[in-house]
K.L.:
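The structure follows.
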Amino acid sequence: MIALGGLSTGFGGDSGTRTHSSASRLLHKGWDSAAMANGGPSRARILLVTLRRVNTHAAWCSNFEFEDVIRSVDGVDMLELDPAPHFELRQHVARSIAWRIRYRAFADVNPGLKPLRLNRDYDVFVFVCMNVWDLLYLNAVVDWQVRCKVKLCYMAEFYAGQAAELQHLLRRLEDFDQVFQSLSSAGTISKIVGRPCHDLPHATDVLRFTPYPKPPARVIDVLSIGRRSDPVHQALRRLAAARDFFYLHDTLPSPLVRPSNPVEHREMLASAARVSRFFVAYPAKFGDDEPHGQSEVGNRYFEGAAAGAVLLGQAPGELTFHRDFPWPDAVVELNADGSDVADVLADLSRRPDELARLGARNAVAALRWHDWAHRWSSILETIGLAPRPALSERLGALEALAAGAGTHAACRTQRTVCTAGVPPGRNPATA
């Protein structure tokens, strides 16, 4: 039998009228795992299976952040899957078999995790994963299909062009009642697995990334994390070498970036983004053949916007980008060869009011539409499950910060920053 950890389902107390104290309390809330034990005051209604001990790459940290927000606003028992001895070898063999022998039975092999059996029933089963390969890890959990009434999967990445070669793995989603997908592939998935599949855009922990209610000085000129255009990168390096210009970028290949603590990694990224004027953003899997030409909205757009930075790089080609960022100049576009980098940055630097307006518009829009709590609210609405009070409290704190942003100079000079071209109360992600 397994021992499931948990956390408090609510934050307690009156949310109050002071935006800063409310948001701060939500952001820094500590989890009381003992309170959700089977003999505690409230039994968790949700079982969330996490891969945080299995996939330690930085790319998965955003998924873990989504899980943490769900835990903070609902009654959740979190099950952490654990590698068994010789995990790396067993995982490699299991993946090789599943790739080469394309029958469903070979996709049911445990890829080297300690097997677990549930000891109680749940209303909802939630699995947050990156791609179809992550579905193999569920083979370590016995009877999850029958111990949970409603089974949900959120998959961050699946490109429609992969359907032919990965269809046998994708059919593992037949075990779920509802599937949510962040790219424009929901229709393809639904046709293959015969299950409802919904678009659910990326998001971020906006309470962690937001510069409000006390916007800091932006001491980093350009922040670049993850995929980027090399000619643009070299142009930014030349600017940094030639004058007083702070260009902060990563230098390690992404497979080598394995944070020891996903929360600390996200805190580090958020703290740097909050003090950056520009945040580099390119379509998901930029420069890779995996998307098969599908130009999609990646995490970076949501992270940079939430931090109140100006997005710099290239806007994705899919219509979903204009749904999620429905205003002109959502991204300051650069030439692919990097030839206009210096001129574009110099022009905006000469217009500090415009620069502040663009950043404030991004931050306010993120507070209103792009927190993981907004995504969890959409999921609950889809499955017809009532939200817990903690969710309403978090959404209220986000809206209060957005409303309070109107007192800052950047918003006073351009009031449309608080609506960004979208009717008040409408979420562009579900419009």
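Values in this document were obtained by computation on a predicted structure and should not be read as measured data.
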K.L.:
State, with a plain yes or no, whether a side-chain heavy atom of Phe125 is found less than 4.5 Å away from one of Leu152.
P.N.:
no

K.L.:
Quick check: are there more than 12 heavy atoms from other residues, nucleotides or ligands sitting under 6.0 Å from CD of Glu381?
P.N.:
no

K.L.:
Apply side chain to side chain contact (heavy atoms under 4.5 Å, CB included) to Asp353 and Leu355, showing your working.
P.N.:
CA-CA 5 Å; Asp353 288 346; Leu355 192 63; over 6 Å; no

K.L.:
In Å and rounded to the nearest 0.5 Å, what is the CG to CG distance from Leu312 to Leu345?
P.N.:
6.0 Å

K.L.:
According to side-chain contact (heavy atoms from CB on, under 4.5 Å), who are the partners of Arg266, at least two apart in sequence or on a separate chain?
P.N.:
Cys61, Ser62, Glu65, Thr204, Arg208, Phe209, Leu269, Glu303

K.L.:
Do Ser72 and Arg394 have side-chain heavy atoms sitting under 4.5 Å apart?
P.N.:
yes

K.L.:
If you measure from the Lys or Arg side-chain nitrogens to the Asp or Glu carboxylate oxygens, is any gap between Arg43 and Asp121 under 4.0 Å?
P.N.:
no

K.L.:
Go through the side-chain N and O atoms of Arg375 and His202 and say whether any donor and acceptor fall under 3.5 Å apart.
P.N.:
no

K.L.:
Quick one: do the Asn139 and Arg172 side chains pair a donor with an acceptor below 3.5 Å?
P.N.:
yes

K.L.:
Considering non-hydrogen atoms only, spot the tightest contact between Leu334 and Val232 and give its length.
P.N.:
CD1-CG1, 3.7 Å

K.L.:
Indicate the atoms forming the closest heavy-atom contact of Ala309 with Ala273, along with that distance.
P.N.:
CB-O, 4.4 Å

K.L.:
Just jot down the side-chain contact (heavy atoms from CB on, under 4.5 Å) partners of Ser190, sequence neighbours excluded, or say none.
P.N.:
Cys197

K.L.:
Can you list everything that forms a side-chain contact (heavy atoms from CB on, under 4.5 Å) with Val331? Sequence neighbours excluded, please.
P.N.:
Tyr301, Leu311, Ala315, Phe321

K.L.:
Could you walk me through whether Val332 and Val344 pass the side chain to side chain contact (heavy atoms under 4.5 Å, CB included) test, one step at a time?
P.N.:
CA-CA 8 Å; Val332 175; Val344 168; 3.5 Å; yes

K.L.:
Would Arg45 and Asp74 pass as an ion pair if we require N to O under 4.0 Å?
P.N.:
yes

K.L.:
Less than 4.5 Å apart, side chain to side chain, heavy atoms only: is that true for Leu173 and Cys153?
P.N.:
yes

K.L.:
Within a strict 4.5 Å, meaning less than it, do heavy atoms of the Ile225 and His249 side chains meet?
P.N.:
no

K.L.:
Look at the side chain of Thr50 and the backbone N and O of Arg52, then say whether any donor-acceptor pair between them is shorter than 3.5 Å.
P.N.:
yes

K.L.:
Do Trp60 and Asp134 have side-chain atoms, one donor and one acceptor, less than 3.5 Å apart?
P.N.:
yes

K.L.:
So does Ala373 get a backbone contact from the side chain of Asp371, meaning a donor-acceptor N/O pair under 3.5 Å?
P.N.:
yes

K.L.:
According to the interplanar angle, ranging from 0 to 90°, do the rings of Tyr154 and Trp372 count as parallel (below 30°), tilted (30 to 60°) or perpendicular (above 60°)?
P.N.:
perpendicular

K.L.:
Show me, pair by pair, the donor-acceptor contacts under 3.5 angstrom made by side chains of residues 237-248, not counting sequence neighbours?
P.N.:
{"from": "Arg237", "atom 1": "NH1", "to": "Gln234", "atom 2": "OE1", "distance (Å)": "2.7"}
{"from": "Tyr247", "atom 1": "OH", "to": "His233", "atom 2": "ND1", "distance (Å)": "2.7"}

K.L.:
Got more than 12 heavy atoms from elsewhere within 6.0 Å of NE2, His57?
P.N.:
yes

K.L.:
For the residue pair Gln181 / His198, report whether a side-chain donor-acceptor contact shorter than 3.5 Å exists.
P.N.:
no

K.L.:
Hey, are Glu174 and Arg195 close enough for a salt bridge, meaning a charged N less than 4.0 Å from a carboxylate O?
P.N.:
no

K.L.:
Indicate yes or no: at least one non-hydrogen side-chain atom of Val280 is less than 4.5 angstrom from one of Leu223.
P.N.:
no

K.L.:
So, Lys151 side chain and Gln178 main chain: donor-acceptor pair closer than 3.5 Å or not?
P.N.:
no

K.L.:
Using the ring-ring contact (aromatic ring centres under 6.0 Å, His included) criterion, which residues pair with Trp133? Sequence neighbours excluded.
P.N.:
none

K.L.:
So which heavy atom on Ser378 is nearest to which on Leu200, and how close?
P.N.:
CB-CD1, 4.1 Å

K.L.:
To the nearest 0.5 Å, tell me how far Asn63 CG sits from Cys129 SG.
P.N.:
7.5 Å

K.L.:
Starting at CD1 of Ile220, measure out to OG of Ser271 and round the result to the nearest 0.5 Å.
P.N.:
8.0 Å

K.L.:
With the threshold set at 4.0 Å, does a side-chain nitrogen-carboxylate oxygen contact exist between Arg351 and Asp347?
P.N.:
yes

K.L.:
Does Val193 reach the side chain of Leu170, with side-chain heavy atoms less than 4.5 Å apart?
P.N.:
yes

K.L.:
With a 4.0 Å cut-off, would you call Asp250 and Arg228 a salt bridge?
P.N.:
yes

K.L.:
Any side-chain heavy atom of Phe278 within less than 4.5 Å of one from Leu348?
P.N.:
yes

K.L.:
Picking from Phe176, Tyr122, Phe127, what satisfies ring-ring contact (aromatic ring centres under 6.0 Å, His included) with Trp144?
P.N.:
Phe176

K.L.:
When you look at Val49 and Leu138, which way does the side chain to side chain contact (heavy atoms under 4.5 Å, CB included) test go after all the steps?
P.N.:
CA-CA 8 Å; Val49 173; Leu138 288 177; 4.3 Å; yes

K.L.:
Measure from the side-chain N and O atoms of Asp340 to the backbone N and O of Asn335, and report whether any donor-acceptor pair falls under 3.5 Å.
P.N.:
yes

K.L.:
Once rounded to the nearest 0.5 Å, what's the spacing between atom CG of Leu207 and atom CG of Leu367?
P.N.:
7.5 Å

K.L.:
Strictly distance-based, threshold 3.5 Å: is any side-chain N or O of Asn261 a donor or acceptor partner for the main-chain N or O of Val263?
P.N.:
yes

K.L.:
Applying side-chain contact (heavy atoms from CB on, under 4.5 Å), can you list everything that pairs with Ser349, at least two apart in sequence or on another chain?
P.N.:
Arg277

K.L.:
Checking side chain to side chain contact (heavy atoms under 4.5 Å, CB included) for the pair Leu391/Leu380: CA distance, chi angles, key distance, verdict?
P.N.:
CA-CA 11 Å; Leu391 177 58; Leu380 293 180; 3.9 Å; yes

K.L.:
Out of Trp369, Phe66, Phe279, Phe325, which residue meets the ring-ring contact (aromatic ring centres under 6.0 Å, His included) rule with Phe302?
P.N.:
Phe325

K.L.:
To the nearest 0.5 Å, what is the distance between CG on Leu113 and CG on Leu51?
P.N.:
8.0 Å

K.L.:
So, Arg71 side chain and Leu48 main chain: donor-acceptor pair closer than 3.5 Å or not?
P.N.:
no

K.L.:
Atom CG of Leu385 and atom NZ of Lys149: how far apart are they, to the nearest 0.5 Å?
P.N.:
10.0 Å

K.L.:
Give me the one residue out of Leu118, Val126, Val124 that meets side-chain contact (heavy atoms from CB on, under 4.5 Å) with Leu47.
P.N.:
Leu118

K.L.:
Give me the atom names and distance for the closest heavy-atom approach of His374 to Leu398.
P.N.:
CE1-CD1, 4.0 Å

K.L.:
Which atom pair, heavy atoms only, marks the closest approach of His265 to Ala58?
P.N.:
NE2-CB, 3.7 Å

K.L.:
Show the nearest heavy-atom pair for residues Pro111 and Leu136, with the distance to one decimal.
P.N.:
CD-O, 3.3 Å

K.L.:
Side-chain contact, heavy-atom cut-off 4.5 Å: Leu81 with Leu116?
P.N.:
yes

K.L.:
Using modelled atom types only, decide if a donor and an acceptor are shared between the side chain of Arg53 and the backbone of Asp82 within a distance under 3.5 Å.
P.N.:
no

